[in-house]
Amino acid sequence: GATPTIGDYLLPECSAAFIHRHPKVQMEIISGAVSDIAERVEAMSVDLGIIDTTCNRNTLQIEPIADDHMVVFAAPAHPLAQQPQVSMAELRAASWCVRTAPSGTRIVLATMLGGAIPDIRFAASTYEAVRSVVLAGLGLGFASMRVIARQVAAGELVVIDTDSPDLNRKFTLLVPKNVYHGPLPTAFADHLRAWFATERTMTRELAKDTALRSVPMEHRSRRPRASV
C-alpha cells in the first residue's frame, strides 16, 4: 500500500525492477490516504505500507526511508514564473490548483502558507488533473519534484523559487510490529531501501538540472542552482 505520490510515481518502477529479479513474483499496489494505508498494514491486508509523512501508531514499525523535495510550480507564462524569487506574501495572494482532501501534499502546502490555502481555484483527486490545469495557466501547483520533473525538463512547467523554509518531507516505510513478515516482504523491503538509496542520487542531480531549466535566462546569472 502507498500514498498517491509514491504509488503512482515511484513504486511502479521500483516494483518492476524487483519482479525482473524475481520473475515468479506477482505484485499489487494499492493507493490510498495515509490513514487508509496505515489501517491496511495494521490489518495485514497489505504486506508493507509506504507513506509520504510520519505515523505514530504503536502497532507499526516505522522507518524513514527517503526524502521527498516539494516544489511550487507554474506554467511558464504565469506572472510569478517571471520572477527570480517569490515571497510568501505573493504565494498567499496567488490562486492554487491542489489535490482534494485528504492529501498529505495539501497539508504541507497549507502549513507553508501559514495554516490555510486562501484561494483554491481548482481541486482534483489526481496529480494528472492538477498538473493539466496548471499547464493551462489556471494557477500555481504544489507537488513532489518527482511528479513534475519531466514536464520541467521539457520546458512545459517552471519551478517557482520561494523564500519559504526547507520543503523536504520524509517517505516512511510501515510494517506490522512483532509479526513474522516472511521472506518475500522482507526481500522487497530490502529492495526498497537499496532502490531509494540509488534513486536519491538520481533525483538530486535531476533537481539541480530542472532548477536551472526553470530559471528564466535573464535571471540565471543572479541565482545559483538549487539543490535538494
Side-chain angles (χ1 to χ4, degrees), residues 4-6 8-10 52-53 66-99 103-124 126-171 199-228:
T5 297
I6 302 167
D8 293 343
Y9 294 94
L10 291 171
D52 50 16
T53 183
D67 292 320
D68 188 35
H69 185 55
M70 308 297 291
V71 294
V72 178
F73 64 95
H78 191 286
L80 295 183
Q82 312 305 314
Q83 300 180 196
Q85 189 174 69
V86 176
S87 69
M88 290 303 300
E90 290 173 306
L91 293 179
R92 293 188 187 101
S95 297
W96 289 90
C97 306
V98 299
R99 288 192 60 239
S103 163
T105 299
R106 184 166 168 164
I107 292 171
V108 174
L109 173 60
T111 301
M112 182 186 79
L113 295 177
I117 307 170
D119 180 9
I120 297 177
R121 186 65 55 88
F122 178 88
T126 67
Y127 282 116
E128 287 78 5
V130 171
R131 199 169 52 199
S132 294
V133 295
V134 173
L135 278 165
L138 194 59
L140 298 181
F142 185 74
S144 166
M145 186 68 187
R146 294 171 167 94
V147 173
I148 63 163
R150 291 180 181 176
Q151 288 73 25
V152 172
E156 298 170 354
L157 290 172
V158 174
V159 173
I160 302 292
D161 190 11
T162 74
D163 60 1
S164 61
D166 180 46
L167 291 176
N168 284 350
R169 63 180 179 178
K170 293 289 185 182
F171 288 159
E199 192 265 354
R200 185 181 303 122
T201 301
M202 294 172 60
T203 302
R204 184 182 297 114
E205 294 306 313
L206 180 60
K208 290 179 181 179
D209 182 55
T210 52
L212 180 62
R213 288 172 184 265
S214 70
V215 182
M217 186 65 70
E218 61 270 23
H219 298 309
R220 290 191 181 182
S221 62
R222 305 182 201 174
R223 191 180 70 179
R225 290 188 180 189
S227 60
V228 179

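FYI, the numbering just counts along the sequence from 1. Just so you know, these numbers come straight off a predicted model, no measurement behind them.
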Where is the tightest heavy-atom contact between [X] and [Y], given as atom of each residue plus distance?
X    : Y    : value
A94  : L80  : CB-CD1, 4.3 Å
V86  : I160 : CG2-CG2, 3.4 Å
G139 : V134 : O-CG1, 3.6 Å
P76  : V158 : CA-CG2, 3.6 Å

(request) Please tell me if the side chains of F73 and V147 come closer than 4.5 Å, counting only heavy atoms from C-beta onward. (result) no
(request) Taking the side chain as every heavy atom from C-beta outward, state whether V72 and M112 have any pair of such atoms under 4.5 Å apart. (result) yes
(message) Apply side chain to side chain contact (heavy atoms under 4.5 Å, CB included) to residues M145 and V159 and explain how you reach the verdict.
(response) CA-CA 9 Å; M145 186 68 187; V159 173; 4.1 Å; yes
(message) Tell me which pairs pass side-chain hydrogen bond (donor to acceptor under 3.5 Å, both in side chains) where either residue lies in residues 115-124, with sequence neighbours left out.
(response) S95-D119, S95-R121, D119-R121
Just jot down the side-chain contact (heavy atoms from CB on, under 4.5 Å) partners of [X], sequence neighbours excluded, or say none.
X    : result
S87  : A89, E90, D163
I120 : V98, R106, I117, A123
E156 : L135, Q151, A154
A124 : F122, A129, V130

(request) For the pair K170 and D67, find out whether any cationic side-chain nitrogen is under 4.0 Å from an anionic carboxylate oxygen. (result) yes
Value rounded to 0.5 Å, distance of [atom1] in [X] from [atom2] in [Y]:
X    : Y    : atom1 : atom2 : result
R169 : I107 : CZ    : CD1   : 10.0 Å
S103 : F142 : OG    : CZ    : 9.5 Å
M70  : L109 : CE    : CG    : 8.5 Å
F171 : I6   : CZ    : CD1   : 4.5 Å
I148 : Y9   : CD1   : OH    : 10.5 Å

(request) Identify, with sequence neighbours excluded, every residue that meets side-chain hydrogen bond (donor to acceptor under 3.5 Å, both in side chains) alongside S144. (result) D68
(request) Ignoring hydrogens and angles, tell me if any N or O in the side chain of W96 forms a donor-acceptor pair with the backbone of L91 under 3.5 Å. (result) yes
